[in-house]
Protein chains: 4
Amino acid sequence: MKKNPSPLKSSKEALILDAALKTFKEKGLHKARMSDISKKARISYGLVYHYFKSKEDLFEAILNRWWQGLFEVMAKIREDGRGAPLELREIIDYFMDTYQDHPDLVNIFVTEISRSTANLTPKRLKNFQEFMFLTDGIMAAGQQAGVLRRDFKARYLTYIFLGALETFVSAMVLVDQKIKGNRQKERIAESILEVFLHGAGSRDKGKRS
Amino acid sequence: MKKNPSPLKSSKEALILDAALKTFKEKGLHKARMSDISKKARISYGLVYHYFKSKEDLFEAILNRWWQGLFEVMAKIREDGRGAPLELREIIDYFMDTYQDHPDLVNIFVTEISRSTANLTPKRLKNFQEFMFLTDGIMAAGQQAGVLRRDFKARYLTYIFLGALETFVSAMVLVDQKIKGNRQKERIAESILEVFLHGAGSRDKGKRS
Amino acid sequence: MKKNPSPLKSSKEALILDAALKTFKEKGLHKARMSDISKKARISYGLVYHYFKSKEDLFEAILNRWWQGLFEVMAKIREDGRGAPLELREIIDYFMDTYQDHPDLVNIFVTEISRSTANLTPKRLKNFQEFMFLTDGIMAAGQQAGVLRRDFKARYLTYIFLGALETFVSAMVLVDQKIKGNRQKERIAESILEVFLHGAGSRDKGKRS
Amino acid sequence: MKKNPSPLKSSKEALILDAALKTFKEKGLHKARMSDISKKARISYGLVYHYFKSKEDLFEAILNRWWQGLFEVMAKIREDGRGAPLELREIIDYFMDTYQDHPDLVNIFVTEISRSTANLTPKRLKNFQEFMFLTDGIMAAGQQAGVLRRDFKARYLTYIFLGALETFVSAMVLVDQKIKGNRQKERIAESILEVFLHGAGSRDKGKRS
DNA sequence: TATGAATGAGGGTTCATTCAT
DNA sequence: AATGAATGAACCCTCATTCAT
C-alpha cells in the first residue's frame with residue numbers, strides 16, 4: 001500500500017519526472033535537453049526513453065499531474081456547490097497548495113501552457129479551454145445567485161480572476177519566492193479573492209464611485 | 001520627420017521586423033527559424049544577418065518596440081499625475097492600442113517575456129522589473145491619495161492589475177480575436193478597470209461584506 | 001533420434017531461431033530489432049542473449065541452417081554422380097523444398113547474402129564462393145561429359161543457372177506465393193531446368209539458329 | 001548548353017550523388033552514414049541536406065538515375081519492335097553499359113532493390129513491377145511471333161532471363177570485376193542471350209532431348 | 001546591398017548489449 | 001533459466017551563423 005504523496009509507478013519514473021520538472025522549469029520546454037534531465041535524475045541517457053517515449057511525452061506526463069489535480073478540484077467544487085466566493089477560493093487554494101509542494105509545476109503551467117501559443121497542442125488547448133469553461137460556470141452561477149455583478153460577461157470575470165491568480169504565482173515563481181508557512185499562503189489567497197470581489201478601490205468614502 | 005507607418009531606419013529593416021514579429025508569434029521564439037522569417041519577408045536568407053547580427057538580436061529589437069512605447073507612456077503618466085484610476089487606464093490603453101495595431105507584439109510580450117522564465121535574460125528581466133516598479137509607484141500613490149485600499153501591499157495590487165490585463169489580451173490573442181472598433185475596446189478597458197477598482201462582487205445589497 | 005519438427009538443442013532456442021527468421025525476413029537484418037525477435041518468440045528480452053551472444057551470432061546460426069543443408073546436398077550430389085542435369089535438378093529441389101518448409105530462410109539467403117555486398121563477412125563470402133565452386137564443378141563435369149555446351153566458361157553457366165533459380169524463388173517470396181502442392185513445385189523446377197538446358201528459343205523450326 | 005553525360009543541376013549535387021553511390025555500394029543503405037557520404041564528397045555534413053532532404057531522398061535520387069535510364073530503353077525498345085532476341089539484347093546492353101560507367105549503380109539496384117524485401121517501398125515496388133511487366137511484354141510478343149517457346153508462361157521466362165542477367169552483374173560486382181573493353185562486354189552479353197535462347201545443353205547430338 | 005551556398009555543433013531518438021535479481 | 005531495467009554509443013536531422021560572390 002502506497003502512502004507516498006507522489007506514489008508513481010516506479011521510483012525511477014518518479015525520479016525522472018521530478019528531474020524533468022525542474023529542468024523544464026529552469027530552461028523551458030525547448031531548451032531543456034534530455035541529457036540535462038537524465039543527468040539531474042542521475043540515471044543514464046537511455047533510461048528516460050525506457051519510461052517515456054519522447055520528450056513531448058514526458059512533458060505531457062508532467063502536465064497531466066497538474067490537469068488531473070485541477071479537474072478533480074473542479075469536480076469537487078461543482079458537487080459541493082458552496083457558492084462562487086468559496087468556490088473561487090478553492091481554485092486559488094489548489095494553485096497555492098500545488099505551488100507549495102511543486103512550485104515548478106505551477107510555473108510550467110503558467111509559462112508553457114497558459115500563455116504559450118507556441119507549445120499549445122490541440123490536446124493542451126482542450127484542457128485549457130475546459131478549465132476556462134468550468135470557471136465560467138462558477139462565475140455565471142455567482143451572477144445568477146446575485147453574488148457577482150451582472151454587468152460583465154462571465155467570461156470577462158474569468159479572465160480577470162485567473163489573470164490575477166496566475167500573475168501572482170508567476171511572479172512568485174519569478175523571484176523563486178517560497179511561501180513561508182500557511183499564514184502567508186492565507187494572506188495571499190485572501191488578497192486575491194478580496195480584490196477580485198470587492199475591488200482595489202478604497203472604501204474610505206463608504207460608497208463606490 | 002517620419003512618414004512611414006512603420007518608420008524604421010530602412011524599409012528592408014522594417015520588413016524583416018514585421019516578418020519576425022509574425023513568425024515569433026506563430027511559432028514562438030525557439031521554433032521560429034531565420035529562414036521562416038526571411039521567407040515571410042520575401043528577402044534572401046542572408047540579408048537578415050545584414051541588418052541583425054543574430055536571432056537574439058532581432059528578437060531584442062522587437063521587444064524594444066514594445067518597451068520603448070510602454071516606458072514613454074509610463075513617463076508621460078508620471079508627468080501628468082492624473083491619479084491612479086486614470087493612470088491605470090492609460091496603461092490599459094497602451095496595451096489595447098498596441099494590440100489593435102500589432103496584436104502579435106502584445107502576444108510576444110505576454111508569452112515570451114512576461115511569463116517565460118526560460119527566455120528571461122538579465123536585460124529583459126530588468127525592463128520587466130522596472131515596469132513593475134513603475135506600476136507599484138502608481139499603486140502606492142493611489143493608496144497615499146486614498147483612492148486605493150491600503151490593506152494590501154502595492155505590489156499585490158500590481159500583480160492583480162497586470163495579471164487581469166495580460167490575461168485579457170492573452171486570451172484575445174489565443175483566439176485571434178480582432179477588436180471590433182473603438183466601442184469594444186472601450187468596453188474591455190472599462191471592465192478591467194472597473195472590476196479592479198470595485199470588484200466583481202455584486203453591489204445589489206448596497207454594501208460589501 | 002530427432003522427433004521435433006524443428007529439432008534444436010533446446011525448445012527455447014528453436015523458438016528464438018524461428019522468430020528471428022521471420023523477423024529478419026520481414027524487416028531485413030538491419031531493421032530487425034532484438035526486441036522484435038523476443039516479442040515474436042514470446043520470451044523476455046534478455047533471454048535471447050542467453051542463447052545467442054549477439055544479433056550477428058543469431059543471424060549466423062540461421063544461415064548455418066541453410067548452408068549446412070545445402071552443402072549436405074552438394075556432397076550427396078558429388079557422391080552419386082548422376083550427371084549434370086539430374087544434379088542441377090537436385091539443387092533446384094533443395095531450394096524448392098526449403099522454400100516450402102521455410103520460405104523465409106530462402107528469402108534471407110537470397111536477399112541478405114546472395115546479393116548483399118554490405119552484409120558479406122569473410123566467412124559468409126567463403127561459404128558462398130564454395131557453393132559457386134561446387135556448382136562450377138557440376139557444370140564442368142557436364143561439359144566434360146558432353147551434356148553441356150563448352151563454348152562458355154563453366155562459371156558463366158553457373159551464374160546463369162543460379163541466377164534463374166534465385167530469381168524464381170526471390171519473386172515467389174516477394175509476392176509471398178505459396179507453392180500449391182508438389183505438382184506446381186515440379187512444374188517450376190522443370191521449367192527452370194528445361195530453359196536452362198534447352199533455351200527459351202522456339203523449337204518450332206526443328207533447329208536452332 | 002550541357003554536354004556532360006551526367007549533367008546534374010549543380011556540381012555539388014553531382015558530387016554528393018557520386019559519393020553516396022559509392023558509399024551505399026560499400027556499406028549498403030543502412031550502414032552508410034550521412035557523414036560517410038559528406039566525407040567522401042569532401043563537403044560539410046550539412047550541405048548534403050541542402051541538396052537532399054533526407055537519406056532516403058538521396059537514395060531515391062540515385063535509384064531514379066537507374067530507373068529513368070532503364071525505362072527510356074524500354075520505351076525505345078517498344079517503339080522499335082525489333083523482335084524479342086534483339087530487344088532482350090538491348091536490356092542486357094543497358095545493364096552492361098551502366099555497369100561500365102557506374103558499376104555501383106547496378107550493384108545497388110541488384111542488392112538493395114531487386115532482392116531486398118526490407119528496402120522495398122511501395123514506390124520502388126511499383127517501378128520494379130512495371131519493369132517486370134514490360135519484360136513480360138517482350139516475352140509474350142516473342143512467343144506470339146514464334147521465336148520463344150510457348151510451353152512456359154511469359155512471366156517464367158522473364159524470371160529466368162532477368163535472374164541470369166542480374167546474377168551476372170551481381171557476381172561481377174561482388175568481385176569488383178572491371179569489364180575489360182567492349183570485347184568482353186560483347187562476349188558476356190552474348191553468352192547470356194545465347195544460353196537463354198538456346199540453352200546450356202550441348203548441341204553435339206544435333207537435337208534436344 | 002543582396003544572395004544563397006556552405007558549415008558544423010547540437011540534440012532527439014534508437015537499440016544492441018549488459019547486469020542485477 | 002529467465003526477466004526487463006539500465007547503459008551509452010551511434011546516427012539522422014536541424015538550423016543559426018558565416019562566407020564567397
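The figures here come from the full heavy-atom set of this structure, side chains too, leaving out hydrogens, waters and symmetry mates. All chains are named by letter (A, B, ...) in the order of the sequence lines, taking the proteins before the strands, and each is independently numbered beginning at 1.
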Enquirer: For the pair made of CE in M34(A) and C1' in dT14(E), what is the distance, rounded to whole Å?
Expert: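 Roughly 12 Å, once rounded to whole Å.
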Enquirer: Provide, to the nearest angstrom, the distance between the NZ atom belonging to K31(C) and the C1' atom belonging to dT14(E).
Expert: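 Those two atoms, NZ and C1', are 14 Å apart.
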Enquirer: At 4.0 Å (heavy atoms only), tell me whether K53(C) reaches a base, stays on the sugar-phosphate, or touches nothing.
Expert: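 It contacts nothing in the nucleic acid.
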Enquirer: Would you mind reading off the distance between K39(D) atom NZ and dG8(E) atom P, rounded to a whole angstrom?
Expert: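 After rounding, the reported distance stands at 12 Å.
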Enquirer: Of E112(A), E56(A), R124(A), which is the lone residue that meets side chain to side chain donor-acceptor pair (under 3.5 Å) with N119(A)?
Expert: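 That would be E112(A).
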Enquirer: Could you give the CZ-to-P distance, from R42(B) to dT1(E), as a whole number of Å?
Expert: 22 Å
Enquirer: Can you measure E13(A) atom CD to dA6(F) atom P for me and round it to whole angstrom units?
Expert: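 Going from CD in E13(A) over to P in dA6(F) covers 11 Å.
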Enquirer: Please classify the nucleic acid contact of Y51(B) as base, sugar-phosphate, or nothing, using heavy-atom distances under 4.0 Å.
Expert: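 Y51(B): backbone/sugar contact only, no base atoms under 4.0 Å.
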Enquirer: Kindly say if S44(C) contacts the phosphate of dT3(F), meaning a side-chain N or O under 4.0 Å from OP1 or OP2.
Expert: yes
Enquirer: Separation of I43(A) atom CD1 from dT18(E) atom P, in whole Å?
Expert: 21 Å
Enquirer: With both distances under 3.5 Å as the test, what is the Watson-Crick or G-U wobble partner of dA16(F)?
Expert: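 dA16(F) is paired, partner dT7(E).
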Enquirer: Can you tell me the distance, in whole Å, between the CG atom of D36(D) and the C1' atom of dC12(F)?
Expert: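 In whole Å, dC12(F) C1' and D36(D) CG are 12 Å from each other.
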Enquirer: State, without any angle test, whether H102(D) and D18(D) hold a side-chain donor-acceptor pair at a distance under 3.5 Å.
Expert: no
Enquirer: Is K12(D) close enough to dA6(E) that one of its side-chain N or O atoms is under 4.0 Å from OP1 or OP2 there?
Expert: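 For dA6(E), OP1 or OP2 has a side-chain N or O of K12(D) closer than 4.0 Å.
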Enquirer: What integer distance in Å separates Y45(A):OH from dC15(E):C1'?
Expert: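 So the two atoms are 14 Å apart, to the nearest Å.
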Enquirer: Which atoms form the tightest heavy-atom contact between I16(D) and V48(D), and what is the distance?
Expert: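 Scanning both residues completely, I find the closest heavy atoms to be CD1-CA, 4.0 Å.
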Enquirer: Between dT21(F) and dT1(E), how far apart are the two P atoms, rounded to whole Å?
Expert: 22 Å
Enquirer: Does a sphere of radius 6.0 Å around NZ in K126(B) hold more than 12 heavy atoms from other residues, nucleotides or ligands, not counting ones at 6.0 Å or beyond?
Expert: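 12 or below, so no.
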Enquirer: Taking pairing as Watson-Crick or G-U wobble with both contacts under 3.5 Å, can you name the mate of dA1(F), or confirm there isn't one?
Expert: none
